[in-house]
Amino acid sequence: MIGLLAAGEWLKPTLDWHALAPEIVLAAGICVVLLLDTVLLERAKPVVSAVTGLFFLAAVVPLLTLATGDDTARSLFGGAYVIDRSALLLKALFIVSAYVTVLLSTNYVAEGEYWESEYYTLLLSSTLGMTVMASSRDLITIFIALELLSIPAYMMAAWRKRDTRSNEAGLKYFLMGVFATAVLLYGMSLLYGYTGSTVLAAIGEKLSATSSSPAVTLGILFVIIGFGFKVSAVPFHTWAPDTYEGAPTPVTAFLAVSSKAAGFVALINVVFYCFVAQANAADVYVPVMFVLSAASMTVGNLIALRQTNIVRMLAYSGIAHAGFILAPFAVADNRLTDALPSIVVYLVIYAAMNLGAFAVVIAAARKTRSAEIDSMNGMLSWAPGLTVIMSIFLASLIGIPPIGGWYAKFGVWRSVLSAGTGWGYALGVLIAVNTAIGAAYYLKIARAMWFEEPNDGDTSPVDVPVSLRSALAITVVATLVFGVLPGLLTDAASVPLALGH
Amino acid sequence: MNTFLNDWGLALITFLPLVGAAVMLAIPKGEEQLHKLVALVASSATLAVGVWLLAKFNYDRAGVMQFEIDRKWIELIHSRFTMGIDGIALPLVILTVVVVPLVVVYSWNHIPNPGNPKAFLMLILVLETGMIGSFTAHDLILFFVFFEVVLLPMYFMIGVWGGEERQYASIKFFLYTLFGSALMIVAFLALYWLSGATSFNMTELRGAARVPGALSHTAQVLIFGGMFVGFGIKVPMFPFHTWLPDAHTQAPTQGSVILAAVLLKLGTYGFVRIAIGIMPNYAAQKWAPVIAILATVGIIYGALGCLAQTDMKRLIAFSSVAHMGFVMLGIATLTDYGINAAVFGMVAHGLITGMLFFVAGSMKERYHTLEIKRLGGLLVSAPRLGWILGFCSMASLGLPGLAGFWGEFPAILAAYNPAEGLSKALFRTCMVIAALGTVLAAGYLLWLFQRTAFGTPTEEFEDDPHIHDVTTPEWIAWIPLLVGIVVFGFLPGLMFDVTNPAVKVIAAAAGTIGG
């Protein structure tokens with residue numbers, strides 16, 4: 001909106017209520033959950049999670065009506081807020097992931113005697129920020145979305161307030177997050193100062209019209225670094241393992257999937273709708289993305305090899321996956337039509353398989369009270385169903401066809417190799433090597449579950465509540481279906497990119 | 001019915017085992033006999049479809065793809081669900097559908113520790129789907145998917161039901177193969193983009209890759225290199241073979257049989273169908289000497305390795321390295337003569353080595369050890385088993401009149417006269433060394449037979465009541481393989497007539513026709 005002001009005229013924005021309906025539903029959800037808590041007090045506890053879940057489901061309805069309606073992009077606020085097919089797909093990703101997070105949290109939060117209504121309010125707020133992010137095509141909107149999604153997450157990470165590890169997790173996440181935001185904001189101010197606009201498309205046009213300058217270079221660099229923290233790309237990843245380990249596990253799942261995806265969506269917005277075709281921007285972001293991608297996948301994988309705690313391992317594996325997702329950015333300048341869908345598809349499949357893996361960890365921890373890998377020893381004998389499901393997720397994370405993850409990885413390969421450049425081939429081979437390294441540690445979990453004897457011969461079954469069962473069902477079905485019939489996803493993700501320009 | 005077979009036959013044969021596995025998933029774990037029955041019915045039904053395909057296959061047109069299926073799959077990446085079989089794929093599909101039911105029969109009273117036939121047999125059925133799919137797929141991406149499907153079941157089979165060192169062996173198998181196939185898919189994609197093809201259909205890719213100037217020479221060599229690593233690990237070729245002795249030795253009998261009989265052929269099949277079948281001559285000609293040298297090294301190395309083994313199963317595993325060396329040597333000549341021999345060699349090795357692993361498994365079950373120096377006198381304590389071992393050893397060393405001969409001998413001969421453009425001196429040297437390899441093969445196999453079967457039983461096993469002769473499930477599982485070894489030994493034309501037209505298409509594309 002600053003962009004409009006800068007243009008010198010003020011127009012009353014026309015609101016497209018239909019296009020904004022998902023966000024409105026979520027905002028209504030925040031109010032209702034807060035009110036329930038104030039009015040019903042203790043009696044609100046048993047219902048808040050269900051109410052939150054219902055609001056997430058309700059928010060899917062306008063997404064569907066928007067998706068089945070006409071295919072033209074809806075642009076609001078002078079191009080600062082765009083609802084197109086890829087935005088809808090990403091919103092659906094955020095909302096469904098949040099719904100699964102609710103399912104993961106229900107028993108965890110209730111049985112842990114944590115604050116409940118506040119937890120779900122924050123979850124709704126953070127998700128609202130993410131859905132806003134999916135549509136943001138303007139620096140200010142992006143910044144607001146980022147803060148809206150991050151600040152609740154800082155608090156949620158520290159939700160186990162009597163546990164110093166959780167406090168550490170929250171504090172570390174907060175300090176690193178705030179630092180990253182500062183860097184990001186500085187970068188944005190440089191871009192705005194140089195181009196005189198906050199709307200991404202306008203910035204892109206200005207960038208292409210002028211020659212390169214150190215201010216632009218720094219601006220682009222700082223913006224990418226700012227989001228680099230959010231997506232935990234090496235070398236900005238150091239907060240992730242500690243935060244993931246210390247935070248309540250459902251929150252970790254939320255951070256590892258939704259929050260990370262939101263960071264990538266922000267990167268998509270700035271790279272694909274602003275920097276992408278501008279030669280002097282590409283000179284900056286292509287090498288930076290290459291380095292971030294190569295470093296993330298390699299370092300993440302190598303450190304993951306040494307982990308004994310599943311959550312920490314998944315944190316490092318998440319860093320490696322961030323490397324894979326960053327790879328298409330490094331070839332975005334000349335293969336834009338392949339790069340964007342491959343990133344979006346990866347985010348969706350990664351969400352399904354990673355949430356699923358966390359769901360199994362949470363379910364198993366109900367019996368073992370531990371997230372160490374050897375606590376899963378002999379799971380085949382005490383929880384055969386969970387073992388098979390976890391194996392499916394692990395196979396998917398490795399990238400073995402025909403389970404979801406293979407197609408995600410394949411899409412990345414396809415787009416980096418399509419570029420036909422030395423950078424592209426180098427990344428392709430590096431991903432291949434990292435796939436094999438990744439398999440080594442994912443299979444550690446499989447080995448514990450399948451090959452080892454149960455600890456102390458304890459084969460008592462684990463009790464998996466209905467909400468966790470639903471979460472497992474949703475994620476495992478999504479993981480399998482996207483693997484066998486990826487066409488379902490690619491059709492939704494392949495959007496003409498001219499929309500932002 | 002014919003239209004049904006034409007439209008759906010290959011999809012049916014590929015997914016029937018998977019349907020069986022799905023049915024088993026629904027049956028509670030305790031119903032062990034029912035699980036065995038379902039697995040047997042599913043794999044037999046698959047065999048029946050295989051026989052049906054065999055009967056309806058048009059042998060006059062064995063050089064072209066038959067029973068083709070072409071359906072929409074992933075439109076965005078231009079990959080379609082395309083299947084088809086020709087004279088090269090048909091024998092391998094039949095080999096697969098024959099071996100799997102036999103393995104299931106053998107499992108009737110040989111479920112290895114820690115039991116759980118449900119999971120064990122389900123994995124075998126999933127494996128079968130992956131193997132058949134790899135041979136029937138005619139789209140590179142579809143091929144890749146099936147090629148990878150076999151990884152996890154085999155990993156679990158070795159890791160759960162394997163021997164002492166199973167964890168090490170299973171992860172080694174998995175990581176090697178995964179690394180290879182990851183490089184392979186990079187090569188596939190590079191081929192697709194650089195050739196400018198509009199789909200991953202193998203026939204179309206061949207056409208696109210061979211348009212003059214479509215691929216630079218460097219690109220060709222590098223892409224072939226990626227495929228070489230992927231398929232070479234699976235075969236396995238020297239120096240990528242180190243996973244094989246561990247995997248074979250540690251795998252349960254059924255796993256070893258499937259691994260030897262079918263899984264290794266995915267690699268050689270990939271070489272024939274994809275690396276040589278699709279890539280332009282230049283790449284094949286540049287790599288052929290490398291393949292020939294490594295194949296020959298593999299023959300000698302495998303044979304020497306055999307001579308050094310003290311464990312019978314490990315010895316058979318090393319002999320696989322040597323035998324696959326002959327297959328690769330045949331392929332490396334790029335002639336129709338050599339590739340025919342290679343395809344024959346794949347099937348023959350599948351029958352013979354599969355049998356040897358069956359026998360080794362049965363001996364392990366009786367003796368609880370396969371340490372050669374502790375065995376002996378098998379012909380006294382279990383004469384029929386002993387003679388079967390002798391028969392298979394003869395077949396494996398390439399005795400004329402048995403199937404093994406027709407895989408090795410023509411492959412060696414083919415090296416005398418490789419395709420135009422390849423160095424005759426090099427290939428003839430390889431030929432001489434490979435011929436020496438057959439002598440070594442005779443040496444280690446006869447030595448094995450002599451030490452385990454001749455003489456009198458060692459004191460340890462003299463009056464052991466566990467050492468009994470061949471049981472009924474064993475007979476049922478083994479007779480078809482033994483008959484196959486004899487039939488193809490006497491009538492090799494049965495297979496050469498099927499493979500030849502299809503091989504001619506590949507060889508014509510790869511270089512020259514004629515030995």
Side-chain angles (χ1 to χ4, degrees), chain A residues 335 338 341-342 345 380-381 384 387-388 391-392 394-395 398-403 406-407 409-411 413-420 424-425 427-440 442-444 446-447 449-453 483-491 493-494, chain B residues 25 29 72-79 81 114 116 118-119 122 129-130 133 141-152 155-156 158-162 166-168 170-172 174-194 219 222 226 229-230:
Chain A
R335 293 303 299 201
D338 292 308
S342 70
V345 167
L380 186 61
S381 58
T387 307
V388 171
S391 306
I392 290 174
L394 292 174
I398 297 172
I400 297 174
I403 306 167
W406 86 272
Y407 187 75
K409 203 167 268 179
F410 176 83
W413 259 321
R414 187 173 169 277
S415 75
V416 295
L417 293 171
S418 71
Y425 291 122
L427 277 176
V429 172
L430 204 56
I431 295 173
V433 173
N434 272 297
T435 299
I437 302 178
Y442 291 123
L443 287 180
K444 266 193 197 170
R447 191 172 64 194
M449 294 189 305
W450 286 75
F451 305 164
E452 301 288 347
E453 295 295 318
V484 180
L485 298 170
L488 296 175
L489 202 54
T490 50
D491 291 347
S494 60
Chain B
L25 191 63
K29 191 174 154 188
K72 190 176 115 170
W73 188 38
I74 317 175
E75 263 175 290
L76 180 79
I77 60 166
H78 309 295
S79 172
F81 187 86
N116 197 348
K118 176 180 179 176
M122 275 176 70
T129 287
I141 302 304
L142 192 63
F143 170 83
F144 172 75
V145 169
F146 283 117
F147 192 82
E148 296 283 279
V149 163
V150 300
L151 271 187
L152 267 189
Y155 167 75
F156 286 126
I158 299 173
V160 178
W161 289 273
R166 57 181 184 270
Q167 298 204 356
Y168 172 73
S170 58
I171 191 96
K172 194 168 175 184
F174 191 95
L175 292 184
Y176 259 86
T177 331
L178 186 72
F179 174 70
S181 48
L183 280 186
M184 187 178 86
I185 188 78
V186 172
F188 286 179
L189 281 164
L191 169 67
Y192 169 79
W193 287 114
L194 291 175
L222 287 176
V229 176

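Within every chain, numbering begins at 1; the chains are lettered A, B, ... in the order of the sequence lines, protein sequences first and strands thereafter. Since this is a predicted model, take the numbers as computed values, not measurements.
Expressed to the nearest 0.5 Å, how far NZ of A:Lys409 lies from CD1 of B:Ile185 amounts to 12.0 Å. One distance of note links CG of B:Leu189 with OG of A:Ser415; it measures 9.5 Å at 0.5 Å rounding. The CZ atom of A:Arg414 sits 4.0 Å away from the CH2 atom of B:Trp193 when rounded to the nearest 0.5 Å. Atoms CG and CD1, on B:Leu175 and A:Ile437 in that order, are 10.0 Å from each other to the nearest 0.5 Å. The distance from atom CG of B:Leu178 to atom OG1 of A:Thr435, rounded to the nearest 0.5 Å, is 6.5 Å.
Chain A forms the most heavy-atom pairs under 4.5 Å with one residue out of B:Leu151, B:Asn116, B:Ile141, B:Leu194, and that residue is B:Ile141. Considering only heavy-atom pairs separated by less than 4.5 Å from chain A, the leading option among B:Met184, B:Arg166, B:Gln167 is B:Gln167.
Contact of the B:Val149 side chain with the A:Pro402 side chain is registered, since non-hydrogen atoms from C-beta on lie closer than 4.5 Å. Inter-residue side-chain proximity for B:Phe146 and A:Pro401 is flagged as unmet; no heavy-atom pair is nearer than 4.5 Å. The side-chain heavy atoms of A:Tyr407 and B:Ile74, taken from C-beta on, include a pair separated by under 4.5 Å.
Using a 4.5 Å cut-off between heavy atoms, A:Val433 contacts chain B through both its backbone and its side chain. Only the side chain of B:Leu152 has a heavy atom closer than 4.5 Å to any heavy atom of chain A. Of the two parts of B:Tyr176, neither the backbone nor the side chain holds a non-hydrogen atom closer than 4.5 Å to a non-hydrogen atom of chain A. Heavy atoms of A:Trp413 lying under 4.5 Å from chain B belong to its backbone as well as its side chain.
The side-chain hydrogen bond (donor to acceptor under 3.5 Å, both in side chains) test applied to B:Thr177 returns no partner, not counting sequence neighbours. Residues forming a ring pair (Phe, Tyr, Trp, His ring centres under 6.0 Å) with B:Tyr155 (at least two apart in sequence, or on another chain): A:Phe451, B:Phe174.
In terms of heavy-atom proximity, A:Leu417 sits nearest to B:Ala190 at CD1-N, 4.1 Å. Annotation for B:Phe156 and A:Ser391: closest pair CZ-OG, 4.1 Å, computed over non-hydrogen atoms.
Counting heavy atoms of neighbouring residues, nucleotides and ligands inside a 6.0 Å radius, atom OH of B:Tyr168 does not exceed 12 of them.
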**OP:** Test side-chain contact (heavy atoms from CB on, under 4.5 Å) on B:Ile77 and A:Phe410 and set out the steps.
**Re:** CA-CA 10 Å; B:Ile77 60 166; A:Phe410 176 83; 3.2 Å; yes

